[in-house]
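Remember, it's a predicted structure, so these values are computed and weren't measured experimentally.
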Amino acid sequence: MAKLIGGVGTSHVPSIGAAIDHDKTADPYWKPLFDGVAPAQKWIENVRPDIAIVVYNDHASRFGVDMTPTFAIGVADQFLPHDEGYGPRPVPVCEGDPAFAWHLVESLVLKEAFDIAIVSDMTVDHGLTVPLSLMFGQPDAWPCRIIPLCVNVIQYPQPTARRCLELGKALRRAIDSYGEKDLKIAVFGTGGMSHQLQGERAGLINADYDREWLEKMESSPEALAEVGHSELLREAGSEGLEIIMWLVMRGALDREVRRIHRFYHVPASNTAYGLLVLENA
Amino acid sequence: MRRSEERDYDDIPGTYVFDGIRCREGFRLNMFCKSLDRAGNRDAFRIDPQGYLASFQLSDPQRLAVVERDWLAMLRFGGNIYYTFKLAIFDGLTMQHVGAAMSEEPMSVEEFRAMMMSGGRTVTGNRSKRERKHG
């Protein structure tokens, strides 16, 4: 039986990856952030998932303007880090779990009416690798297998927040129905917290709005699912819309959750940083 | 290309929502930027910028924006920041350089960094074009 053991929500800012890669985590600029992340690292060390399903967005890496799947699951044996312009990040290859990934795809498509793109050959970018680095540091190999679940949040129309929450619920049913072997599963929802990378409003941070989302992510995700894209773009910035991916993680958990850790920090480069670790109550 | 109906996100100031119209307009510009995620292409662009760029058939305003590294103009001509940022990476710039360069009020990178350290650009007064006109 596969069992969901918890969910992590985290931003996936590229400069956090660069700080780790260049050994700057103890610098005065970065130390408060990495101190704030430490309890989440301790948590995952204790719970030791076999598989992390990482809900993230690709940033013009594996996918491009030539093809933008709304939801895609990686079913490959391995996922290599993508060259985002600096050369690939010096992080371990992600080992996949094709049997489990195909089970998720079949459940979502056949039983849940989610039309998932099936990807057998894919690289992964900072959207996926930075959260792994945040949770696991710099090991020689990632301590669990990885299933990439890629969501389009960079090309309008993005899926609605409601659709993301519902995908999470469907994902949970898919996890619960896996009977082939005993597996501990964690779901990471990544990206988000207020930021605007583009345009004249670049650098926008709305900490009040972020804190409200962090709070409601625990207590009332159904209310967050009703928030429309324009509100998110307006309040959290054009790239703050990435936060809808946390709702996939939240939807996978029970309605009642127990907060293990919550952390918020400004700034990480151009953005706010948010972290949330939840278990079923 | 124009949309027949107004979108509510059009009222958000300084924000270029990458919708179907922008995707179509910026397709070649973004494909050029995307190509820079291969080391061989970066070398080719470094050796012969004009020749490399010519193979992507950008519009004249798009090509000029790339040559002049006018980050805001790239967005206006259909660029998507996740793509145009690959050109900034090529130049060895950070997102803070690009953010400073695009800012409404001229801002140095140091000023932009200082703004982020003090909590970022405030949302107050930046939510809506309408709010600005009447505010």
Side-chain angles (χ1 to χ4, degrees), chain A residues 13-15 18 29 57-66 68 82-88 123 125 127 153-158 194-210 228-241 266-272, chain B residues 7-9 11-20 22-23 26-28 30-31 33-34 36-39 42 71-72 75-76 79-90 94-96 98-105 107 112-113 115-124 126-128:
Chain A
V13 190
S15 59
Y29 183 88
N57 66 290
D58 178 85
H59 305 73
S61 300
R62 169 59 180 87
F63 303 110
V65 275
D66 56 338
T68 309
H82 191 86
D83 180 350
E84 296 178 63
Y86 324 88
T123 50
D125 69 13
V153 289
I154 76 172
Q155 163 75 67
Y156 190 91
Q158 295 87 348
S194 64
H195 60 305
Q196 176 142 347
L197 307 176
Q198 57 140 304
E200 291 93 331
R201 218 172 59 137
L204 186 97
I205 300 286
N206 189 347
D208 292 341
Y209 194 76
D210 288 342
H229 291 340
S230 290
E231 178 186 318
L232 272 165
L233 293 166
R234 196 187 298 282
E235 296 293 334
S238 46
E239 283 70 41
L241 189 141
V266 178
S269 183
N270 294 31
T271 99
Chain B
R7 300 286 176 98
D8 52 1
Y9 54 69
D11 178 51
I12 304 172
T15 300
Y16 302 79
V17 176
F18 193 67
D19 57 15
R22 289 218 168 85
C23 185
F27 187 80
R28 287 172 173 162
N30 290 316
M31 289 299 273
C33 293
K34 164 83 174 112
L36 299 177
D37 66 0
R38 286 178 184 269
R42 294 197 288 274
W71 308 105
L72 208 45
L75 297 185
R76 290 185 178 139
N80 174 312
I81 188 66
Y82 292 112
Y83 291 78
T84 58
F85 185 53
K86 290 185 189 290
L87 182 60
I89 293 173
F90 176 84
T94 69
M95 198 54 102
Q96 294 193 329
V98 179
M102 289 186 297
S103 289
E104 191 164 23
E105 331 73 45
M107 205 182 261
F112 189 86
R113 283 190 184 131
M115 177 179 82
M116 296 315 299
M117 287 301 289
S118 63
R121 188 185 303 279
T122 174
V123 73
T124 308
N126 279 314
R127 284 188 172 92
S128 144

When the 4.5 angstrom heavy-atom criterion is applied to T15(B) and chain A, the contacting part is both
Does any backbone or side-chain atom of S194(A) lie under 4.5 Å from a heavy atom of chain B? Answer side chain, backbone, both or neither.
neither
Do K34(B) and D66(A) come close enough that some side-chain heavy atom pair is under 4.5 Å?
no
Residue part contacting chain A, namely of R76(B), when any heavy atom lies under 4.5 Å:
side chain
Could you tell me whether the side chain of N80(B) and the main chain of I154(A) form a donor-acceptor pair under 3.5 Å?
yes
Max heavy-atom pairs within cutoff under 4.5 Å with chain B, candidates L233(A), L241(A), T68(A), goes to L233(A)
D208(A): partners by side-chain contact (heavy atoms from CB on, under 4.5 Å), with sequence neighbours left out:
N206(A)
Residue among A272(A), S61(A), A236(A), A18(A) with most heavy-atom pairs under 4.5 Å to chain B
S61(A)
I89(B) CD1 to E84(A) CD distance, which is reported to the nearest 0.5 Å:
6.5 Å
In terms of heavy-atom contacts, Y86(A) and F85(B) come closest through OH-CE2, 3.9 Å
Donor-acceptor check, side chain of Q196(A) to backbone of G14(B), threshold 3.5 angstrom: yes or no?
yes
Of T84(B), V17(B), L75(B), L72(B), which is the lone residue that meets side-chain contact (heavy atoms from CB on, under 4.5 Å) with Q198(A)?
L75(B)
Here the pair of heavy atoms bringing A202(A) nearest to F112(B) is O-CE1, 3.6 Å
Side chain, backbone, both or neither: which part of F90(B) has a non-hydrogen atom closer than 4.5 Å to chain A?
neither
If we only count heavy atoms from C-beta on, is the R42(B) to D83(A) side-chain gap below 4.5 Å?
yes
Rounded to the nearest 0.5 angstrom, the CG-OH distance for L232(A) and Y9(B) is 14.5 Å
Less than 4.5 Å apart, any side-chain heavy atom of R22(B) and any of Y156(A)?
no
Would you find a donor on one side and an acceptor on the other, under 3.5 Å apart, between the side chain of Y209(A) and the backbone of V123(B)?
no
Could you measure the distance from the OG atom of S15(A) to the CE atom of M95(B)? Nearest 0.5 Å is fine.
9.5 Å
Would you indicate whether the side-chain heavy atoms of P267(A) and M115(B) approach each other to under 4.5 Å?
no
Taking side-chain contact (heavy atoms from CB on, under 4.5 Å) as the definition, give me every residue that meets it alongside R38(B), ordered by chain and number, with sequence neighbours left out.
N41(B)
Would you find a donor on one side and an acceptor on the other, under 3.5 Å apart, between the side chain of R234(A) and the backbone of R127(B)?
yes
